[in-house]
Amino acid sequence: MPTAALALGVFAAVRVAGAAVLALAAWWAGRSPVRVLGHSWDSVWYLAIARHGYGRTQIWPVTGLVQSDHAFFPLYPALVRLAGGGEWGGLLVSWTAAAVAAVGVYRVGELVAGRRVALLLVALWAAVPHAVVLTLAYTEPLLVALAAWSLYALLRGRWLLAASLALVAGLTRPTGIAVAAAVSVTALHALLVRRSARSGRSGRSGGSRAPEVWAAGLLAPAGWLAYVVAVGVHRGDPAGYFTVQRQWGSRFDGGGYALSMTWRVLSGEPVALATAVTAVLLGTALLLAVLLLVDRPPLPLLVYTAVLLVIAVGGAGYFESKPRFLLPAFPLLLPLAAVLARARPRSAVVVTAGLAGLGYGYGVYLLVFAKMPL
């Protein structure tokens with residue numbers, strides 16, 4: 001069996017089992033499994049956009065929040081509409097994207113660290129606590145599918161393909177800018193290196209691909225910028241999209257909010273389980289980021305992961321959603337996958353299975369019993 005197919009099989013086994021556990025828990029609690037999987041939290045907004053287009057605003061007088069659907073990027077609801085709309089349309093798009101993402105994650109891991117590490121990377125990514133989102137009608141699977149294949153194309157030197165996928169990723173969700181950043185920063189680095197190499201040689205230009213690199217660097221952020229500008233034009237405010245985010249309660253504060261919430265957990269203050277788990281996962285993500293930096297992976301992976309970390313840790317509001325924002329940062333798992341690749345196969349299976357089991361239980365807690373926002 002080709003290893004990419006094996007990786008897809010491992011991913012499917014882990015996530016199908018997780019979806020089954022969640023569906024059984026929902027059924028046991030007297031709730032519709034399809035509603036839980038396809039109509040939870042932000043899924044409601046995406047399905048409404050798919051059915052009726054933009055224009056919905058929800059006001060909460062008690063909190064002062066004004067929630068506009070312009071906070072949500074357009075690609076996913078457009079695909080859901082094409083898939084027929086409704087919960088099943090949302091799930092079809094998400095599940096298809098998750099499968100494409102799993103193969104893309106494998107290909108990136110294989111290129112960077114070899115087949116064994118890549119297979120374990122996919123298994124770990126499918127098993128982390130917030131991987132439950134990969135089986136819901138959410139945008140993360142679509143973003144990771146576009147991001148992984150954009151990074152793969154970039155690592156293979158296919159500049160315009162990488163930029164085109166980054167452009168589309170920028171229409172998926174706010175964190176899609178991380179894909180564009182990876183392409184644009186890598187393009188700038190390549191141009192600077194080429195210029196330095198040319199200045200050190202005489203009689204040789206070596207710049208035949210410079211126009212392609214320039215085009216990729218400029219094209220990559222176009223999708224994200226187009227939506228932000230469109231919202232600004234619609235609202236008659238150049239900063240309209242960021243105003244929408246602030247009205248939702250989301251803003252960038254450099255990590256102050258995340259630090260204060262983490263301190264509450266460390267100081268023993270009573271908090272919800274999801275808050276405590278989020279603090280632990282953020283700490284783990286930062287540790288893995290240090291390990292990833294020590295391993296010195298290719299520049300595109302570093303930039304992509306760093307931008308996702310900055311957005312997740314530096315943003316205020318919806319603390320319990322931060323692990324979901326980090327789910328696309330699959331390169332963070334490369335150091336752990338490399339360690340497991342050197343261990344005995346039984347140890348790798350036990351660690352992955354244990355992580356998956358914890359993830360299944362946590363997903364049920366979030367969506368069925370605690371009903372915490374993802």
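Bear in mind the structure is a predicted one, so any value in this text is a computation, not a measurement. The figures here come from the full heavy-atom set of this structure, side chains too, leaving out hydrogens, waters and symmetry mates. Along the sequence shown, residues carry numbers from 1.
Annotation: side chain of Pro129 is not in contact with side chain of Leu358 (no heavy-atom distance under 4.5 Å). Put simply, the side chain of Leu22 reaches to within 4.5 Å of the side chain of Leu136, judged on heavy atoms. The side-chain heavy atoms of Ile49 and Pro74, taken from C-beta on, include no pair separated by under 4.5 Å. Using a 4.5 Å cut-off on side-chain heavy atoms (C-beta onward), Leu281 and His130 make contact. Side chains of Lys322 and Val313 form no contact here, defined as non-hydrogen atoms less than 4.5 Å apart. Two residues are said to be in side-chain contact when any heavy atoms from C-beta on lie closer than 4.5 Å; Pro174 and Ile311 fail this criterion. Side-chain atoms of Leu143 and Val179, non-hydrogen and from C-beta on, do get closer than 4.5 Å to each other. Between Ser260 and Tyr257, some side-chain heavy-atom pair lies under the 4.5 Å cut-off.
Residues Gly38 and Ser43 share a closest heavy-atom pair of O-CB, 3.7 Å. Of all heavy-atom pairs between Ala289 and Leu309, the closest is CB-CD1, 3.4 Å. Minimum interatomic distance between Pro331 and Leu292 (heavy atoms only, all atoms of both residues): O-CD1, 3.3 Å. Residue Val14 comes nearest to Ala126 through the heavy atom pair CG1-O, 3.4 Å, listed as atom of the first residue, atom of the second, then distance. For the residue pair Ala19 and Thr135, the shortest heavy atom distance occurs at CB-CG2, 4.1 Å. When all heavy atoms of Asp42 and Tyr138 are compared, the closest pair comes out as N-OH, 3.2 Å.
Atom OG of Ser347 sits about 13.0 Å away from atom CZ of Arg342, to the nearest 0.5 Å. Note: Leu332 CG to Leu121 CG = 10.5 Å, rounded to the nearest 0.5 Å.
The ring-ring contact (aromatic ring centres under 6.0 Å, His included) search around Trp45 returns Phe72, Trp248, not counting sequence neighbours. By the side chain to side chain donor-acceptor pair (under 3.5 Å) test, Thr139 pairs with Arg173, sequence neighbours left out. Applying the side-chain contact (heavy atoms from CB on, under 4.5 Å) test to Val310 and every residue at least two apart in sequence or in another chain returns Phe252. Scored by the ring-ring contact (aromatic ring centres under 6.0 Å, His included) test, Phe330 finds no partners at all (sequence neighbours excluded).
No single ILVMFWY cluster, assembled from side-chain heavy atoms under 4.5 Å apart, contains both Val271 and Val280. Under a hydrophobic clustering in which Ile, Leu, Val, Met, Phe, Trp and Tyr are joined whenever their side-chain heavy atoms come within less than 4.5 Å, directly or via other members, Tyr365 and Val277 fall into the same cluster. Leu65 and Ile59 end up in different hydrophobic clusters when Ile, Leu, Val, Met, Phe, Trp and Tyr side chains are linked at under 4.5 Å. Linking ILVMFWY side-chain heavy atoms closer than 4.5 Å, directly or via other members, places Phe325 and Tyr46 in two distinct hydrophobic clusters. Cluster annotation: Tyr106 and Leu8 are assigned to the same hydrophobic cluster (Ile/Leu/Val/Met/Phe/Trp/Tyr, side-chain heavy-atom contacts under 4.5 Å, transitive).
Aromatic ring pairs are classed by plane angle as parallel below 30°, tilted from 30° to 60° and perpendicular above 60°; the pair Trp224 and Phe242 is tilted. In this structure, Trp149 and Tyr152 have perpendicular ring planes: the angle between them is above 60°, well past the 30° mark.
Side chain of Trp125 to backbone of Leu327: a donor-acceptor contact under 3.5 angstrom is found. Between the side chain of Ser68 and the backbone N or O of Val244, no donor-acceptor pair lies under 3.5 Å. Checked by atom type and distance alone, the side chain of Arg35 never pairs as donor or acceptor with a backbone atom of Ser40 at under 3.5 Å. Of the possible donor and acceptor atoms, one in the side chain of Thr172 sits under 3.5 Å from a partner among the backbone N and O of Ala169. For Arg235 (side chain) and Tyr241 (main-chain N/O), no donor-acceptor pair under 3.5 Å exists by modelled atom type.
Applying the salt bridge (charged side-chain N to carboxylate O under 4.0 Å, His left out) definition to pairs two or more places apart or across chains, those involving residues 257-267 are Arg264-Glu269.
At most 12 non-hydrogen atoms from other residues, nucleotides or ligands lie less than 6.0 angstrom from CZ of Arg251. The environment of Arg116 atom CZ is dense: over 12 non-hydrogen atoms of other residues, nucleotides or ligands sit within 6.0 angstrom. The environment of His39 atom NE2 is dense: over 12 non-hydrogen atoms of other residues, nucleotides or ligands sit within 6.0 angstrom. Applying the 6.0 Å contact sphere to CZ of Arg156 captures no more than 12 heavy atoms from other residues, nucleotides or ligands.
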Walk me through whether Thr352 and Val10 qualify under side-chain contact (heavy atoms from CB on, under 4.5 Å). CA-CA 11 Å; Thr352 305; Val10 169; over 6 Å; no
side-chain contact (heavy atoms from CB on, under 4.5 Å) assessment of Leu155 paired with Val108: CA-CA 8 Å; Leu155 291 170; Val108 171; 4.2 Å; yes
Assess whether side-chain contact (heavy atoms from CB on, under 4.5 Å) is satisfied between Phe11 and Leu134, documenting all intermediate values. CA-CA 10 Å; Phe11 173 81; Leu134 299 174; 3.8 Å; yes
Does the side-chain contact (heavy atoms from CB on, under 4.5 Å) test come out yes or no for Leu301 and Leu334, once each step is laid out? CA-CA 10 Å; Leu301 300 188; Leu334 275 168; 4.1 Å; yes
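Neither side chain, Tyr318 nor Ser250, offers a donor N or O lying under 3.5 Å from an acceptor on the other. For Ser94 and Tyr76, the side-chain atoms include at least one donor-acceptor pair closer than 3.5 Å.
Taking Ile, Leu, Val, Met, Phe, Trp and Tyr as hydrophobic and joining them when side-chain heavy atoms fall under 4.5 Å apart, one finds Leu160 isolated, its cluster having no other members.
Between His70 and Tyr54, a ring centre-to-centre spacing shorter than 6.0 Å is recorded.
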